[in-house]
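Every value quoted in this text rests on a predicted model; they were computed, and no experiment measured them.
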Amino acid sequence: MPTAAAPIISSVQKLVLYETRARYFLVGSNNAETKYRVLKIDRTEPKDLVIIDDRHVYTQQEVRELLGRLDLGNRTKMGQKGSSGLFRAVSAFGVVGFVRFLEGYYIVLITKRRKMADIGGHAIYKIEDTNMIYIPNDSVRVTHPDEARYLRIFQNVDLSSNFYFSYSYDLSHSLQYNLTVLRMPLEMLKSETTQNRQESFDIFEDEGLITQGGSGVFGICSEPYMKYVWNGELLDIIKNAVHRDWLLYIIHGFCGQSKLLIYGRPVYVTLIARRSSKFAGTRFLKRGANCEGDVANEVETEQILCDASVMSFTAGSYSSYVQVRGSVPLYWSQDISTMMPKPPITLDQADPFAHVAALHFDQMFQRFGSPIIILNLVKEREKRKHERILSEELVAAVTYLNQFLPPEHTIVYIPWDMAKYTKSKLCNVLDRLNVIAESVVKKTGFFVNRPDSYCSILRPDEKWNELGGCVIPTGRLQTGILRTNCVDCLDRTNTAQFMVGKCALAYQLYSLGLIDKPNLQFDTDAVRLFEELYEDHGDTLSLQYGGSQLVHRVKTYRKIAPWTQHSKDIMQTLSRYYSNAFSDADRQDSINLFLGVFHPTEGKPHLWELPTDFYLHHKNTMRLLPTRRSYTYWWTPEVIKHLPLPYDEVICAANLKKLIVKTFHKYEEEIDIHNEFFRPYELSSFDDTFCLAMTSSARDFMPKTVGIDPSPFTVRKPDETGKSVLGNKSNREEAVLQRKTAASAPPPPSEEAMSSSSEDDSGTDREEEGSVSQRSTPVKMTDSGDSAKVTENVAQPMKELYGINLSDGLSEEDFSIYSRFVQLGQSQHKQDKNSQQPCSRCSDGVIKLFPTATKCLKLLRKFPRIGKLALEVP
């Protein structure tokens with residue numbers, strides 16, 4: 001019986017689309033190009049999609065022979081060599097899906113990708129470019145006058161803007177869910193393997209494992225959480241017709257990763273935001289909730305902390321914390337026809353029994369467990385009722401629902417008028433938020449996949465002992481969720497989520513044994529790195545929903561923002577107003593078409609002819625619901641039974657049906673994450689290595705002055721930070737060095753250069769698999785004087801840290817030791833050369849040690865400081 005479990009890696013990562021007059025042949029292979037699959041797509045059907053998957057795994061030689069036969073069979077004349085019958089149309093990295101408007105089907109392919117994060121060796125990619133290809137042949141195409149307009153509307157959803165995917169990691173679920181699945185009892189996985197045997201290609205796979213003499217591994221693939229999948233409708237038509245490896249699910253939102261160096265120990269801080277595809281849209285056009293309990297602008301944000309020195313999910317240390325933002329779960333809207341900056345808030349339907357709020361919180365109980373904590377940041381005191389309308393209705397809904405819940409699982413409601421405290425000169429907004437964050441994290445806890453460290457048991461902390469959540473033998477589980485909202489869920493919400501995330505980050509670092517107290521202070525390299533991640537996260541989500549970047553940032557609420565920030569805030573406000581007034585309607589139509597909320601149909605009104613999309617998102621207005629939920633027992637019984645644990649993570653028959661379990665040999669490529677990550681069959685270079693290109697606390701935030709404390713948890717003065725020490729924009733750009741060697745660390749990239757880099761990425765000549773970080777910056781070389789200064793600053797602290805100074809000469813004793821090692825190498829090489837028979841390739845292929853050693857001695861006399869360094873290298 002297998003002894004472990006591992007995620008299944010998709011065997012379709014590289015695709016080539018071949019074209020004939022009657023067929024498209026989509027050839028997919030794994031990353032090593034050792035296993036291939038083939039899809040045949042018919043081009044003779046004008047409006048139907050005919051796809052054939054023979055579910056056979058080909059070798060490279062078999063695929064070449066197959067393509068050769070197809071090429072020969074599709075030539076116009078037998079034996080003709082001048083023309084080819086099989087054309088290579090496009091190369092790709094995945095299939096987004098298939099879509100049809102009023103004519104035939106289109107296929108959407110990912111043609112460029114960029115690596116954005118790495119979690120336990122599982123790469124997360126961002127879509128950089130796509131290609132949309134019409135499938136039917138021109139000879140059978142039935143044209144329609146409105147087809148081109150639908151195509152333009154569909155392509156208004158920019159797939160190269162913040163859409164992410166992974167071949168081996170389920171981005172629609174949290175890290176806690178993904179690792180909980182891998183830790184299921186092996187006996188239960190064994191029973192699931194027998195049920196899923198019909199999907200296997202080898203009915204004797206268990207016997208094969210025994211004959212190979214190795215232990216097996218359970219490969220696990222879970223069904224995605226469709227609420228956060230954005231191409232589910234595009235893949236639905238082929239879901240049951242092709243192998244699951246062809247199905248590549250994408251999420252929309254944000255993904256960023258930075259490296260926190262703690263005295264040389266790398267710790268990756270990852271931020272992933274998943275935007276809901278239910279009731280999705282733009283700012284003023286999507287408010288409140290729909291009839292199914294899905295709210296507008298719902299985003300699940302997860303911060304993941306992992307020790308990068310150990311890659312494995314089973315042996316490594318991982319921690320995560322999840323929180324949610326979303327519109328107030330009521331029937332409300334704002335009328336934008338008045339052309340006012342703040343349109344009045346209106347309640348569209350009376351809901352005395354909080355029906356829509358009950359549906360929403362029932363979903364949250366199922367996914368996150370209890371307690372559910374609501375942090376309501378809308379205004380409570382206003383001269384004219386505006387935001388207070390929502391507060392009063394939300395309080396009434398929560399009070400009604402809590403009557404029927406068990407006391408230990410009631411919904412916690414925290415109202416806090418953030419705008420009022422911001423205007424007050426006597427109150428510090430972030431101090432108050434920090435108090436709220438501490439109480440929230442203590443109630444929900446966080447996830448960590450290892451038990452408490454021995455040092456925390458010897459020296460227990462008071463705050464650690466009060467921590468909530470669920471403690472299990474293998475670590476801790478987060479039970480419950482913080483749900484933050486204001487009116488727009490943008491500026492105030494992002495700052496509040498940052499403060500809660502900062503508090504949770506301190507507990508996460510403490511649980512991994514990286515700090516001695518679960519507390520982080522502002523103006524440290526770690527918090528600055530985390531704040532930059534959250535600002536990028538907030539800007540991205542604000543652009544998606546509101547049409548502009550954040551107006552108020554963390555520095556605004558700390559009241560340390562520069563005076564130039566006010567003019568930027570005004571410009572962002574004007575940009576948001578313009579977007580809401582003139583472009584949001586077109587964006588909303590594109591989202592409705594992309595997500596399949598609207599299906600074009602011959603003889604029915606077109607999308608642009610609809611006066612409103614209200615009836616598309618509220619299905620109860622189009623048909624009568626078969627059953628009505630109870631007004632008192634408003635929850636799902638199975639969900640409430642397992643609280644405080646989330647029902648989705650409970651081991652039960654219903655959840656086991658969502659898993660695909662197969663048995664593999666432990667060295668098979670489908671579960672070998674080591675080969676998937678390191679790719680020993682490819683030639684790689686340091687310049688293209690993702691871990692060296694990502695934002696680093698030591699390179700981008702730590703001051704470059706001599707004698708500074710390298711700890712990322714040391715409070716810096718404002719003029720000591722790595723980003724402010726470079727001065728204005730022109731000086732910063734001139735001071736950035738291109739990193740060509742591992743010995744010199746460059747000054748940090750400028751913020752202006754980073755923004756310009758992200759804007760110009762589409763026009764640069766970048767690798768298709770680009771492993772460059774999202775903050776990669778164009779760099780310039782400085783003159784020799786500046787370079788010498790930077791090198792001197794980097795090399796000087798070595799004397800203090802390691803007791804070595806590169807400028808010192810080599811002593812006689814050290815030189816004799818080094819010479820002795822060289823002589824030993826020479827004699828060993830002579831023995832090996834005499835004992836082995838030379839082969840035909842030895843004269844060119846063997847590296848000779850004797851000349852190399854002689855050159856080393858000459859270099860050693862010429863540059864004596866090299867010997868001192870060589871003695872210290874292990």
Give the intermediate values and the outcome of side chain to side chain contact (heavy atoms under 4.5 Å, CB included) for residues L305 and L505. CA-CA 8 Å; L305 202 70; L505 181 66; 3.8 Å; yes
Just do the salt bridge (Lys or Arg N to Asp or Glu O under 4.0 Å) check on R716 and D525 with the steps written out, would you? CA-CA 8 Å; R716 315 283 189 198; D525 297 341; 2.7 Å; yes
Could you walk me through whether Y125 and M116 pass side chain to side chain contact (heavy atoms under 4.5 Å, CB included), step by step? CA-CA 5 Å; Y125 295 97; M116 301 298 291; over 6 Å; no
Carefully, step by step, assess F713 and L509 under the rule side chain to side chain contact (heavy atoms under 4.5 Å, CB included). CA-CA 11 Å; F713 308 112; L509 290 167; 3.6 Å; yes
S511 and W464: CA distance, side-chain angles, deciding distance, side chain to side chain contact (heavy atoms under 4.5 Å, CB included) verdict: CA-CA 9 Å; S511 68; W464 183 258; 3.6 Å; yes
When you look at H360 and R483, which way does the side chain to side chain donor-acceptor pair (under 3.5 Å) test go after all the steps? CA-CA 12 Å; H360 177 67; R483 185 192 189 280; 3.0 Å; yes
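Of the inter-residue distances, the one linking F353 atom CZ with S630 atom OG reads 10.5 Å to the nearest 0.5 angstrom. Here the straight-line distance linking atom CG of D170 with atom OG of S222 works out to 4.0 Å at 0.5 Å rounding. In this structure, OG on S391 lies 11.5 Å from NZ on K379, to the nearest 0.5 angstrom. To the nearest 0.5 angstrom, F368 atom CZ is 12.5 Å from T479 atom OG1. Taken to the nearest 0.5 Å, the OG atom of S317 stands 5.5 Å off from the CG atom of D307.
Within the 4.5 Å cutoff, side-chain heavy atoms of L433 are placed close to those of V429. Put simply, the side chain of T695 reaches to within 4.5 Å of the side chain of F701, judged on heavy atoms. Side-chain contact check for T524 versus R528: every heavy-atom pair is 4.5 Å or farther apart. Looking only at side-chain heavy atoms (C-beta outward), I436 and V500 stay at 4.5 Å or farther from each other. Side-chain contact between L394 and V398 is present, with heavy atoms from C-beta onward closer than 4.5 Å. Contact of the T399 side chain with the Y413 side chain is not registered, since no non-hydrogen atoms from C-beta on lie closer than 4.5 Å. Residues D294 and Q363 form a side-chain contact, since some pair of their non-hydrogen atoms from C-beta on lies under 4.5 Å apart. Y331 places a side-chain heavy atom less than 4.5 Å from the side chain of V356.
Of the N and O atoms on the side chains of S327 and N297, not one donor lies less than 3.5 Å from an acceptor on the other residue. Side chain to side chain, Q366 and D648 meet the donor-acceptor criterion of an N or O pair below 3.5 Å. Side chain to side chain, D348 and S333 meet the donor-acceptor criterion of an N or O pair below 3.5 Å. In the model, T474 has a side-chain atom that pairs as donor or acceptor with a side-chain atom of R183 under 3.5 Å. A donor and an acceptor atom, one from each side chain of Q508 and Q303, are located under 3.5 Å apart. For the residue pair H122 and S168, a side-chain donor N or O sits within less than 3.5 Å of a side-chain acceptor on the partner. A side-chain donor-acceptor contact under 3.5 Å links N376 and N485.
Enclosure of atom CD in Q403 by more than 12 non-hydrogen atoms of other residues, nucleotides or ligands within 6.0 angstrom is indicated. Heavy atoms from other residues, nucleotides or ligands lying under 6.0 Å from NZ of K278 number 12 at most.
The six-membered or imidazole ring of H355 lies away from that of Y400, with a centre-to-centre distance of 6.0 Å or more. The aromatic ring centroids of H252 and Y164 lie 6.0 Å or more from each other. Taking the six-membered ring where the residue is Trp, the centroids of F361 and F365 are separated by 6.0 Å or more.
For the pairing with K227, the side-chain contact (heavy atoms from CB on, under 4.5 Å) check across E298, R274, R275 returns one residue only, E298. With T484 as reference, L377 is the one residue of V440, T495, L377 to meet the side-chain contact (heavy atoms from CB on, under 4.5 Å) rule.
Of the possible donor and acceptor atoms, none in the side chain of E302 sits under 3.5 Å from a partner among the backbone N and O of A273. Side-chain atoms of N290 come within 3.5 Å of backbone N or O of G293 as a donor-acceptor pair. Counting only distance, with no hydrogens or angles, the side chain of K463 and the backbone of P518 share a donor-acceptor pair below 3.5 Å. Q478 places a side-chain N or O within 3.5 Å of a backbone atom of G480 that can act as its donor or acceptor partner. Judged by distance alone, the side chain of N655 and the main-chain N or O of Y647 form a donor-acceptor pair under 3.5 Å. Under a 3.5 Å cut-off, the side chain of N402 and the backbone N or O of T410 do not form any donor-acceptor pair. Between the side chain of N231 and the backbone N or O of I250 there is at least one donor-acceptor pair closer than 3.5 Å.
Taking S439 as the reference, nothing meets the side chain to side chain contact (heavy atoms under 4.5 Å, CB included) condition, with sequence neighbours excluded. Residues meeting the ring pair (Phe, Tyr, Trp, His ring centres under 6.0 Å) test with Y633, sequence neighbours left out: W635.
A salt bridge links D488 with R287: the distance from a Lys NZ or Arg NE/NH1/NH2 to an Asp or Glu carboxylate oxygen falls below 4.0 Å. With salt bridges taken as basic N to acidic carboxylate O contacts below 4.0 Å, none links R553 and E531. Looking at E300 and R325, no side-chain N of the basic residue comes within less than 4.0 Å of a carboxylate O on the acidic one, giving no salt bridge. One finds a salt bridge joining R492 and E387 here, because a Lys/Arg side-chain nitrogen approaches an Asp/Glu carboxylate oxygen to under 4.0 Å. Ion pair R388/E380 not flagged as a salt bridge, since none of the NZ, NE, NH1 or NH2 atoms sits closer than 4.0 Å to an Asp/Glu carboxylate oxygen.
For the pair R367 and Y225, the cation-pi criterion (under 6.0 Å, within 45° of the ring axis) is fulfilled. Cation-pi check for K502 over F522 is met; the charged atom lies under 6.0 angstrom from the ring centroid and within 45 degrees of its normal.
Counting all heavy atoms, side chain and backbone alike, S319 lies closest to F446 at OG-CD1, 3.4 Å.
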